[in-house]
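Worksheet: one structure, shown below.
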Amino acid sequence: MTRNLPSRIAFYALVAVIVLFAVFPFYYAIVTSFSTGTALFQVNYWPKVFDLANYKAVLGSRNFSRSILNSVFIAGCTVGFALFLAVTASYALARVRFRGRGLLLMTILAVSMFPQIAVLAGLFELVRFLGIFNTPWAMILSYTIFTLPFTVWVLTTFMQDLPVEIEEAAIVDGASPWVIITRVFLPLLWPALVTTGLLAFIGAWNEFLFALTFTSSESMRTVPVAIALLSGASQQEIPWGPILAASVIVTVPLIVLVLIFQRKIVAGLTAGGVKG
Amino acid sequence: MTDLTLGRAAGPSLKQRRQRAAFWFLAPMLIALFCVAAWPLLRTIWFSMTDASLSGLYDAEWTGFDNYLSVRTLSSGRVVYRGTLVDPDWWNAVWNTVRFALISVGFETAFGLVVALVMNAEFKGRGLVRAAILIPWAIPTIVSAKMWGWMLNDQFGIINDILMGIGLIDQKIAWTASVDTAMTAVLIVDIWKTTPFMALLILAGLQMVPRDIYEAARLDGVHPVKVFFRITLPLIKPALMVAVIFRMLDALRIFDLVYVLTPNSAATKTMSVISRENMIDFDKFAYGAAQSTLLFAIIAVFVSLYIWLGRVDLSGESQR
Amino acid sequence: MAKIELKNVTKSYGAVEVIKGIDLEIRKGEFMVFVGPSGCGKSTLLRLIAGLEEITSGDLLFDDQKVNHLVPSDRGIAMVFQSYALYPHMKVYDNMAFGMKLARADKAETDRRVREAARLLQIEHLLDRLPKQLSGGQRQRVAIGRAIVRDPRVFLFDEPLSNLDAALRVQTRLEIAKLHHAMDDTTMIYVTHDQVEAMTLADRIAVLRDGKLEQVGTPAELYENPKSIFVAGFIGSPKMNFLTGSFADARGCATLGARPEHIELAPDGSGEWQGEVVHAEDLGSDNYLFVEIGADEPVVVRQPGKLAIPYGSRVSLQPQAQHLHRFGVDGQPLR
Ligand SMILES: Nc1ncnc2c1ncn2[C@@H]1O[C@H](COP(=O)(O)OP(=O)(O)OP(=O)(O)O)[C@@H](O)[C@H]1O
Ligand SMILES: [Mg+2]
């Protein structure tokens, strides 16, 4: 950036526009979430009131707190499950030469590009058959379809980058593949695990289609479904205040996490090249 | 032969042991993927050829391709076509989806390029920009939909307020409800939310371009715009293509944003939305299954075409 | 501790044969060095002995016992890698003890062995550090220490010094030589492409070329009686001069080999070859003169001590007849 003044001004103006566009909607949601009554229905660019009533309403409702717990439980289990299966699988894919390896990787990638609607009918039947309809297990099972291929894919790329000689040293030391994974590679891979785990968590936390289809009672809803279906006193009236308060509540932790781990997340996203 | 028997006597070799371990390591993942992907997919396809309903999943009868297309000749001699393939609602959804995918990915690529180029420059506050653009990406789609739904609200929305303020419109627009603008609303939100992802992928490609290429070009006095089209763009094309293809596949299956931002609007209903609606809400389970099978087929053709054209090395084999 | 025999060992990657039938016997307690140009298959051969690669055909015997199918850890070998390959997340102590821990060895015994190896290599004060807190030379010692702790029958080194700088390389080379004396009943196999390392460390050297054994023998044997032009050119520094044409014809051979140290400066015009000095390198203790005598390349002459011969001056050279090497058209020496 050693150009002349006008082009520098133009450049910084562009930067400002980008930042403004990125941040403003969420900022505005926060501003709105603190207003109630008539204040809600005036356009305020700056925070004028600071009223916690919306937050009290949302957190006070038994169902929304339940939804948060559901979401945490479901996303946590999904991530744990996916990582457990993915670590061993990605070792095999990244480190062992066998016939059909390329084909297998392709298949896994193909699954991650599946339109989820295509398995909805079959999964619906499976969920009913297993008797887990309207329980968190329905989501934990179905989220595997996008978290598992993604984690396998990203961890495989990370594992391929670990030096071969370290593994061979371990083999000479008498380590079995299982020992190599658990005692040599895992300690080296934890940054990758944090990254993939976080990305998978965000994916599970945000999922909507399965959660909408596989739950029927309000107390079983996940956060996105709860927000989408939050209704007011009457059918016509949309409770914007509580909706935005709920939105802020579920988004702030995510944003904090993402900002803390931003470098790792960017690395994971680009390593995977897959959707986040 | 003797070699083999001797090998047995001494136990499996290192390669055999490793391949055996690899098998056991892969098996749980493969079983899991079979259960949640392959099997449900096969069942969906099977259901699409029956007359199953939500309540009667198991007393479904085989109807062949009737859900896709059936031709009947009435006694009067009139020929009646039925099924998804002659359903105007379905074709409307196909058109919506394709339109949405092309426009959104197009804009996201263009904007993503701009943002990536900005972030690739060295300037004060670069970290801040990266943090800022990660925010739309981190916000759950449903939350984005609601947030924007509020901003685009016809009566109290800030967008109308701004546009009226600067005199671009003289009447408040019902962005999400009006047939003319619903698709625009969906596009705005999707582009806002997904451009960061695109930008990050493109940025990763940009950062692999060696800096001295730019230095050399600048010393030669090549105009920056020319540098971009002649040097930068060809170099990042592979990364760009991968990003575009992933986004495209993602856009073709969009569901949540449309469902929440513009519920029940024929102007935005996509293939995913209409399939689920038939399957769950209208109790035309098998009909919806047929529609989702079609969506799968479209995406499968798209993917195989792409792989077949060999544009991307998806297995990462060449990286080794 | 172990005698190693290779019987017609081959290795192919797919259709490409990389090791093309090697017969070799390595004696108990011997320090054997594999040398050869890059890509000739040294590492591959070492990895076949280690068990990290599978032998395609032929037999590998340790103490007359076939080990073709034994996994590395059951062969009683230890290996030192070029990149050290220390476990980055383990302290030095744990790096060295890892193998014994996996073998569920007695704790006290493990501790004793680790400390003894550390004492031998003078790295006792480093035991609590992580690899990233060590210098390159220290890392290499830890890698050697890790190998010692395993108390192997066979010690394998794959270019262990090539990542070190020149000074450290000489010092560590000395350490390895000392180690060999301290553990004189352990067989050691050492891969390098540096012929100085080979000459200084080896009991015997095996010269490899393109997946085949070119010659095996003590450093002196290889130096004095190279069995081919290839070996003659590979062993010795600076390289042997090769002369063809009339120079070779004069002595009844196709190629005449003369080492730089076996060519003397003769008083004006009295030598056999006359030429012009086109380049000179002064290494302090030695001088290398590059003399253009009308052969394909300038002849290199090694002269000890100080010398003041200006470029372009004409000199007369006299090869020492008893040290000349004569080779036939097939590259084999003529007797
Ligand atoms: N996994 C493999 N697949 C195919 N070819 C291989 C493989 N490993 C080695 N090779 C080939 O085998 C030949 C010998 O390789 P090797 O590593 O043994 O050479 P080297 O003598 O150790 O060389 P350097 O001095 O460069 O280390 C090379 O031509 C190499 O390309
Ligand atoms: Mg090598």
Side-chain angles (χ1 to χ4, degrees), chain A residues 1 14-15 18-19 22-23 25-26 28-29 41 43 85 88-89 91-92 96 98 102 105-106 109-111 113-115 117-123 125-126 141-142 144-145 148 152 157 177 206 208-209 213 224 227-228 240 243-244 247 251 254-255 258-259 262 266 269-270 273-276, chain B residues 18-19 21-22 25-26 28-29 32-33 36-37 40-41 43-44 47 57 115 118 121 123 129 131-136 138-143 146-148 150-151 156 158 161 197 200-201 204 242 246 249-250 253 255-256 260 272 275-276 279-280 289 292 295-296 299 303 314-317:
Chain A
M1 281 293 109
L14 183 61
V15 169
I18 292 172
V19 172
V23 176
F26 190 58
Y28 188 63
F41 300 110
V43 175
L85 292 182
T88 53
Y91 171 83
V96 183
F98 56 90
L105 274 168
M106 289 298 235
L109 194 67
V111 173
M113 296 192 227
F114 250 46
I117 191 84
V119 291
L120 192 68
L123 266 181
E125 185 204 15
L126 186 66
L141 177 78
S142 53
T144 305
I145 195 178
L148 190 55
V152 169
T157 57
N206 294 353
F208 183 65
L209 173 63
T213 311
I227 292 179
W240 284 111
I243 285 179
L244 291 173
S247 299
T251 307
L254 282 193
I255 288 184
V258 166
L259 292 189
Q262 51 170 307
V266 171
L269 273 181
T270 46
V274 194
K275 61 170 244 157
Chain B
R18 285 170 68 77
Q19 292 189 341
F25 287 163
L26 286 169
M29 177 202 68
L33 281 186
V36 297
L41 179 69
R43 289 299 287 172
T44 302
F47 278 129
L57 282 183
V115 175
V118 165
F123 63 96
V129 176
I133 70 153
L134 272 173
I135 289 179
I139 294 177
T141 312
I142 301 308
V143 170
K146 285 294 181 192
M147 267 166 36
W148 279 90
W150 171 240
M151 294 191 358
F156 322 110
I158 191 167
D161 193 69
F197 174 71
L200 290 177
L201 287 191
V242 172
F246 279 123
L249 293 172
D250 218 25
R253 60 191 180 187
F255 172 78
D256 36 12
V260 174
S272 285
S275 309
R276 184 188 177 279
M279 219 184 287
I280 308 291
S292 55
L295 172 57
F296 171 78
I299 288 188
V303 171
L314 292 170
S315 70
E317 206 84 89

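In what follows, chains are A, B, ... by sequence order, proteins preceding strands, each numbered from 1.
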Please work out which of the three classes, parallel, tilted or perpendicular, describes the rings of A:Tyr91 and B:Phe25, given edges at 30° and 60°. perpendicular
Do side-chain atoms of B:Arg253 reach the backbone of A:Phe114 as a donor and acceptor pair under 3.5 angstrom? yes
Side chain proximity check, B:Val129 to A:Val19, heavy atoms < 4.5 angstrom: yes
Using a 4.5 angstrom heavy-atom cutoff, name the option from A:Ala228, A:Ser142, A:Ala29 with the most pairs to chain B. A:Ala228
Top contributor to chain B interface from A:Leu14, A:Val23, A:Leu148 [non-hydrogen pairs under 4.5 Å]: A:Leu148
With a 4.5 Å cut-off on heavy-atom pairs, point out which of B:Ser275, B:Pro136, B:Ala32 contacts chain A the most. B:Pro136
Which atoms of B:Met29 come close to chain A, meaning under 4.5 Å heavy atom to heavy atom: side chain ones, backbone ones, both, or neither? both
Non-hydrogen atoms of B:Ala138 and A:Leu254 that approach each other most closely: O-CD1, 3.4 Å
Partner residues of B:Ala204 under the side chain to side chain contact (heavy atoms under 4.5 Å, CB included) criterion, sequence neighbours left out: A:Thr270
Tell me, for A:Leu244 versus chain B, whether the close heavy atoms (under 4.5 Å) come from the side chain, the backbone, both or neither. side chain
Residue from B:Pro40, B:Ser292, B:Ser272 scoring the most non-hydrogen pairs under 4.5 Å with chain A is B:Pro40
In short, A:Ala92 meets B:Leu26 closest at the heavy-atom pair CB-CG, 3.7 Å
Quick one: are A:Leu141 and B:Val36 in side-chain contact, heavy atoms under 4.5 Å? yes
Under the side chain to side chain donor-acceptor pair (under 3.5 Å) test, residues paired with A:Thr213 that sit two or more places apart: B:Arg276
What residue in B:Asp256, B:Ile158, B:Val260 has the most heavy-atom pairs under 4.5 Å with chain A? B:Ile158
Quick check: closest heavy atoms across B:Lys146 and A:Ser247, and the distance to 0.1 Å? CB-OG, 4.4 Å
Part of A:Phe98 lying under 4.5 Å from any heavy atom of chain B: both
What are the two closest non-hydrogen atoms of A:Leu85 and B:Pro28, and how far apart are they? CD2-CB, 3.4 Å
Heavy-atom contact with chain A under 4.5 Å, split by part of B:Ile299: side chain
Max heavy-atom pairs within cutoff under 4.5 Å with chain A, candidates B:Phe296, B:Trp150, B:Phe47, goes to B:Trp150
Looking at B:Met279 and A:Ile117, what are the two nearest heavy atoms and their distance? CE-O, 4.5 Å
Taking every non-hydrogen atom, the tightest pair across B:Thr44 and A:Ala118: OG1-O, 2.8 Å
Contact origin within A:Ile145 toward chain B - heavy atom pairs under 4.5 Å: both
Under a 4.5 Å heavy-atom cutoff, which of B:Asp161, B:Leu33, B:Thr141, B:Leu200 has the most pairs with chain A? B:Asp161
With a 4.5 angstrom heavy-atom cut-off, could you sort out which part of B:Ile139 is near chain A: side chain, backbone, both or neither? both
Tell me, out of A:Val111, A:Ile18, A:Val152, who's got the most heavy-atom pairs with chain B below 4.5 Å. A:Ile18
Do A:Phe26 and B:Met147 have side chains that approach each other closer than 4.5 Å (heavy atoms only, starting at C-beta)? yes
Select one option (side chain, backbone, both, neither) describing which atoms of B:Val115 are under 4.5 Å from chain A's heavy atoms. both
